Amino acid sequence: MEENRHENLRQAALDYHEFPRPGKLEIRATKPLATGRDLARAYSPGVAEACLEIKADPSTAARYTSRGNLVAVVSNGTAVLGLGNIGALASKPVMEGKAVLFKKFANIDCFDIEVNENDPYKLAEIVCALEPSFGAINLEDIKAPDCFIVEKICRERMGIPVFHDDQHGTAIVVGAAATNALHVAGKRFEDIKLVSTGGGAAGIACLNMLLKLGLKRENVWLCDLHGLVHEGREEDMNSHKAAFAQPGGPRSLGEVIEGADMFLGLSGPGVLTQEMVKKMTAQPIIFALANPTPEILPDLVREVAPDAIMATGRSDFPNQVNNVLCFPFIFRGALDVGASEINDEMQLACIEGIAQLARATTSAEAAAAYHGEQMTFGPNYLIPKPFDPRLMGVVATAVADAAMRTGVAKRPLADVAEYKQKLDGSVFRSSMIMRPVFEAARTASRRIVFAEGEDERVIRAAQAILEETTEVPILIGRPDVIALRCERAGLPIRPDRDFEIVNPQSDSRYRDYWETYHRLMERRGVTPDTARAVLRTNTTAIGAVMVHRGEADSLICGAFGQYLWHLKYVEEVLARDGLRPVGALSLMIQDQGPLFIADTQAHAEPTPAQLADIVIGAARHVRRFGITPKIALCSSSQFGNLNTSSGLRMREAMALLDAMPLDFEYEGEMTVDLALDPDLRGRVFPSGRMEGAANVLVFGSTDAASGVRNILKTRGDGLEVGPILMGMGNRAHIVTPSVTSRGLLNIAALAGTPVAKYG
């Protein structure tokens with residue numbers, strides 16, 4: 001069975017890379033090319049003007065080309081993480097992946113360049129020759145000591161940043177985590193004894209970084225496969241290891257670990273034993289960073305040193321040391337000021353920014369995104385989460401500021417505070433908007449019941465939920481049908497082993513369910529016979545009853561059928577204790593950023609009071625994503641110029657909202673173009689209360705809201721998340737029949753945040 005599971009995961013990974021188009025990257029034009037005039041500007045003769053400007057002043061390349069936002073990820077594939085020397089071509093998927101991370105986390109364009117050259121001096125020559133094309137170079141997966149040679153030559157000869165992420169990215173995140181670990185332990189770098197395993201590029205870079213932070217070289221004990229690096233040793237030595245040689249003869253890791261305050265492992269699994277941990281000082285700091293299996297597992301450390309402060313390279317333990325905390329943002333800051341290099345001060349600023357962010361009070365956005373997880377600075381929270389939305393602004397700004405202070409910025413910022421504000425506002429302009437929600441779902445362990453459990457989309461979503469979150473899927477359907485479809489789809493999950501099943505045909509809880517439904521509905525004309533019939537055939541009603549009884553935390557339905565049909569049963573069973581359907585909110589993710597549309601489903605023509613409720617509910621839900629709501633009440637009328645039905649209702653809704661103490665921006669009534677174009681709105685209605693473009697559009701009918709939603713999906717290349725059913729305390733969500741497995745996974749992640757205020 002384990003073999004089958006591994007093979008299925010392997011095939012899924014291969015399919016991900018192959019379909020629907022091979023690879024993970026593409027090139028898109030940033031300028032229109034639809035007319036002869038466009039062509040004359042993009043190419044001959046207009047392109048000559050840009051060429052001549054750059055010839056006269058090379059610094060203008062950042063104005064007239066993409067070079068200022070373009071990074072090259074360069075590798076020869078000689079030291080790919082976990083795979084070793086697999087060669088340049090086989091390393092391409094890794095480098096493409098790195099390029100994707102640059103784009104997704106920091107909106108940096110990136111080309112991956114794999115080079116068939118193992119001679120470090122020749123490789124350095126090739127990289128140096130690329131300088132006219134790129135704003136910065138990220139060296140990746142080059143074996144030690146060659147990586148030291150390549151980086152040294154490139155940094156000396158090139159006038160753009162050159163950064164070997166395996167060395168310096170790891171070192172920066174380790175530096176931030178170590179800074180905070182010592183803060184928690186009440187110790188100082190200059191006083192501690194550190195023992196390290198692994199003399200590769202990352203290990204040496206980490207030690208050098210810790211020296212810059214105050215660690216004393218004589219207090220560093222470096223071990224590798226051959227034991228302690230000591231004076232006079234010749235086996236497997238180089239100048240970088242030799243710099244940390246201790247006086248005396250050979251000794252083992254078990255001998256030198258005695259009295260150590262900190263262990264830094266960048267080697268392999270099982271290197272550190274419990275007996276060795278016992279020899280360390282009280283409250284030892286143990287960074288076991290080998291991947292995928294660390295030098296020692298945290299559980300083993302806790303058994304012998306309950307007060308230990310642990311970090312690993314894995315996401316399933318606290319304090320994951322992940323380079324993604326660093327490299328996208330250090331390049332972002334360096335590129336934005338046209339830095340000629342990434343110097344020590346910029347790296348130290350990056351460390352301080354990351355460390356301070358973990359020590360700071362958690363932002364409201366981060367708290368909402370990671371609901372249910374302890375995010376108070378301490379032993380289990382030394383560094384921020386990779387998807388903390390504050391990272392871009394804090395780290396990139398610190399790096400840019402350090403570049404300016406040290407004189408390596410060719411394009412200094414006019415206003416650092418304004419730059420940070422701009423970065424903060426750009427964080428959620430891509431599909432990354434869902435990442436904080438997934439992080440929250442990974443910690444909540446909510447039970448999510450799916451009404452259409454036999455549908456393959458639901459089954460695939462259940463598989464993804466088990467892989468990507470800690471939620472517990474419950475599927476309503478016939479076990480034999482679900483098992484057959486799991487097998488047919490090549491999925492390793494099976495009913496009653498990996499997830500719970502509710503069988504409408506023969507479930508031991510059937511009597512409890514129909515009696516519950518009857519009690520709820522007996523004064524609405526539902527007889528016992530009707531209740532029995534409904535609870536035998538209606539899976540939405542079954543799921544709603546389960547949530548009502550506390551056997552599930554949230555219901556997801558609607559993969560088949562009409563939205564309002566499902567809403568009827570959700571409302572009958574769950575609209576109690578102040579809960580009621582307020583409206584359906586759809587998040588449309590586009591390249592230009594997220595846009596929320598309401599009410600797309602629930603109220604055909606909402607009343608002014610319902611519109612006010614929709615606006616207030618939308619504001620609450622928008623904040624789940626760490627976004628500040630800016631809500632436009634949309635109509636064919638704009639600011640009172642037409643007395644249409646929607647215009648009149650919007651005006652009344654505005655009056656109701658104005659009478660409430662609200663803490664978000666809203667404005668109306670207005671047409672959609674005014675909502676999305678603040679300049680146009682300013683010309684039409686200069687005294688408006690809302691600044692900038694709206695990110696929430698509330699319409700006076702579901703026809704209008706649903707029409708906009710569908711146009712954005714089909715012609716605007718928008719990806720929908722939702723609809724999110726507002727007003728029901730996150731106890732139920734109704735999707736639409738066009739939903740995909742990924743869409744179901746997204747809505748399950750939203751359902752996985754148990755916060756009633758988001759209703």
Side-chain angles (χ1 to χ4, degrees), residues 12 368-373 387 431-477 482 485-486 489 491 493 495 498-502 539-540 542-544 546-547 550-561 563 566-567 570 574 584-589 601 621 624-625 719-726 728-756 758-759:
Y370 294 94
H371 180 82
E373 184 169 342
F387 299 108
S431 60
M432 286 271 303
I433 192 173
M434 281 302 299
R435 293 297 184 178
V437 177
F438 274 96
E439 289 295 321
R442 288 190 183 100
T443 63
S445 298
R446 298 256 293 174
R447 298 161 298 170
I448 312 297
V449 58
F450 289 87
E452 295 87 13
E454 295 179 3
D455 188 274
E456 184 175 322
R457 294 169 296 172
V458 172
I459 296 169
R460 289 188 179 276
Q463 170 79 43
I465 287 169
L466 292 168
E467 290 178 350
E468 299 187 32
T469 75
T470 58
E471 293 173 353
V472 180
I474 303 170
L475 274 57
I476 301 176
I482 294 173
R485 290 180 180 171
C486 286
L491 300 175
I493 58 172
D498 300 299
F499 53 87
E500 183 183 339
I501 289 285
V502 177
T539 57
T540 295
I542 294 170
M546 291 182 69
V547 173
E551 295 174 13
D553 296 300
S554 190
L555 162 68
I556 296 176
C557 58
F560 292 110
Y563 190 98
H566 292 279
L567 182 60
V570 168
L574 296 176
L585 179 70
S586 288
L587 163 59
M588 308 304 299
I589 300 175
Q601 301 287 346
H621 279 275
R624 296 180 71 177
F625 300 90
L719 174 66
E720 181 182 20
V721 177
I724 303 166
L725 181 56
M726 301 184 291
M728 293 303 297
N730 224 11
R731 303 184 77 194
H733 290 288
I734 306 170
V735 297
T736 59
S738 63
V739 72
T740 63
S741 294
R742 174 57 60 175
L744 286 164
L745 175 62
N746 286 337
I747 205 72
L750 283 161
T753 309
V755 182
Y758 289 141

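Treat the numbers as computed from the prediction; the structure is a model and nothing was measured. What's counted below: heavy atoms across the whole structure, side chains too, no hydrogens, waters or symmetry copies.
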Exercise. Which pair of heavy atoms, one from L745 and one from A464, lies closest together, and at what distance?
Worked result: CD2-CB, 3.7 Å
Exercise. Name the one of V502, I501, I448 that satisfies side chain to side chain contact (heavy atoms under 4.5 Å, CB included) with I474?
Worked result: V502
Exercise. Between D553 and V472, is any pair of side-chain heavy atoms under 4.5 Å apart?
Worked result: no
Exercise. At their closest point, which heavy atom of L574 faces which heavy atom of A732, and how far apart are they?
Worked result: CD1-CB, 4.0 Å
Problem set entry | Heavy-atom side-chain proximity of M728 to V570 below 4.5 angstrom | yes
Exercise. Within 45° of the six-membered ring axis of F450 and under 6.0 Å from that ring's centre, is NZ or CZ of R460 located there?
Worked result: no
Exercise. CD1/I734 to CD1/I556 distance, rounded to the nearest 0.5 angstrom?
Worked result: 11.0 Å
Problem set entry | Check: H566 side chain, F560 main-chain N or O, donor-acceptor pair, under 3.5 Å | yes
Exercise. Just by modelled atom types, is the V547 backbone N or O under 3.5 Å from a matching donor or acceptor in the R731 side chain?
Worked result: yes
Problem set entry | Worked verdict on F499 versus I465 for side-chain contact (heavy atoms from CB on, under 4.5 Å) | CA-CA 10 Å; F499 53 87; I465 287 169; over 6 Å; no
Problem set entry | For E471 against A749, the heavy-atom pair lying closest together | OE2-CA, 3.7 Å
Exercise. Is any side-chain heavy atom of L555 closer than 4.5 Å to a side-chain heavy atom of M546?
Worked result: no
For this session: Kindly say whether C557 contributes a backbone atom to a donor-acceptor pair with the side chain of E452 at under 3.5 angstrom?
Result: no
For this session: Compare every heavy atom of N730 with every heavy atom of A751, then report the nearest pair and how far apart it is.
Result: O-ND2, 3.7 Å
Exercise. Is there a donor-acceptor contact under 3.5 Å from the side chain of R457 to the main chain of G743?
Worked result: no
Problem set entry | Nearest atoms (heavy-atom pairs only) where H733 meets I747 | CB-CG1, 3.9 Å
Problem set entry | Flag side-chain contact, heavy atom, 4.5 Å: Q601 against T736 | yes
